[in-house]
Amino acid sequence: MNVFEIHKIRYGWFEVCFTPHDEKQGWLCNSDYLQCDAPKLFLDALTNVLEGISQEEWLCWQDEPGANILQLALQDGKVAVEIFIAPDSMELPYRGAELASVEKEFEYRNSFEIKRLIDDVLVEFSLYENGNGLALYNKHWDVFPEKEFQRLKRFAARFNKGLDKYNKLFCLTY
């Protein structure tokens, strides 16, 4: 079972889910109304945490008018994910530690093995890297975050020495 899925990219909305097949799910939804490219920021933040560039990353997913606030951190060799709900997104920064002090309600918490989360994130985003998936992504969201995606793929190859490359079916090969 996947621990991360891109659920929907449609008409200026981008929605993902952590543990989509479990009893407790962590949903993040972003609107392009305020021009926040949350998927691009997510890939960059995840790689920053995995590479040790930052201890934790805070992101705001603009969910008109509210916000989903995501915290990513590395804890005990796993990626810890926490999601909070804030009542208003209009004045919030898209990224940064100041999101930790925003008034918010706890929504979801889970930790994931690094390899499993990376695999799911890469597979899900690879579905939109080219072809019809890329056309859908660019039409309904923004330009595909190629630089951030490639950076995460490079980390995955260094992290998991058995990782060879993505094959033409966008599946990991070992």
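Fair warning: this is a prediction, and the values are worked out from it, not measured in the lab.
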- Item | Closest contact, heavy atoms only, Cys29 versus Asn68 | N-OD1, 2.8 Å
- Query: Does the Gln71 side chain pair with the main chain of Trp58, one donor and one acceptor, at a distance under 3.5 Å?
  - Reply: no
- Query: Looking only at heavy atoms, what is the nearest atom pair of Lys153 and Leu122, with distance?
  - Reply: CG-CD2, 3.5 Å
- Would you mind checking if Lys115 and Asp119 are paired as a salt bridge, meaning a charged N to carboxylate O distance below 4.0 Å? yes
- Measure from the side-chain N and O atoms of Lys104 to the backbone N and O of Ala100, and report whether any donor-acceptor pair falls under 3.5 Å. yes
- Task: Take the angle between the ring planes of Phe149 and Phe144 and call it parallel below 30°, perpendicular above 60°, tilted in between.
- Result: perpendicular
- Task: Please check if the side chain of Asp88 supplies one atom and the backbone of Met90 the other of a donor-acceptor pair under 3.5 Å.
- Result: yes
- How about Ile6 and Leu127: do any of their side-chain heavy atoms sit closer than 4.5 Å? no
- Would you confirm whether His140, through its side chain, and Tyr11, through its main-chain N or O, come within 3.5 Å as a donor-acceptor pair? yes
- Determine, for Arg154 against Glu51, whether the closest basic-nitrogen to carboxylate-oxygen distance falls under 4.0 angstrom. no
- Task: For Asp120 and Val3, indicate whether the former's side chain and the latter's backbone hold a donor-acceptor pair under 3.5 Å.
- Result: yes
- Query: For the rings on Tyr128 and Phe14, is their centre-to-centre separation under 6.0 Å?
  - Reply: no
- Do you see a donor-acceptor pair shorter than 3.5 Å between the side chains of Gln75 and Glu56? no
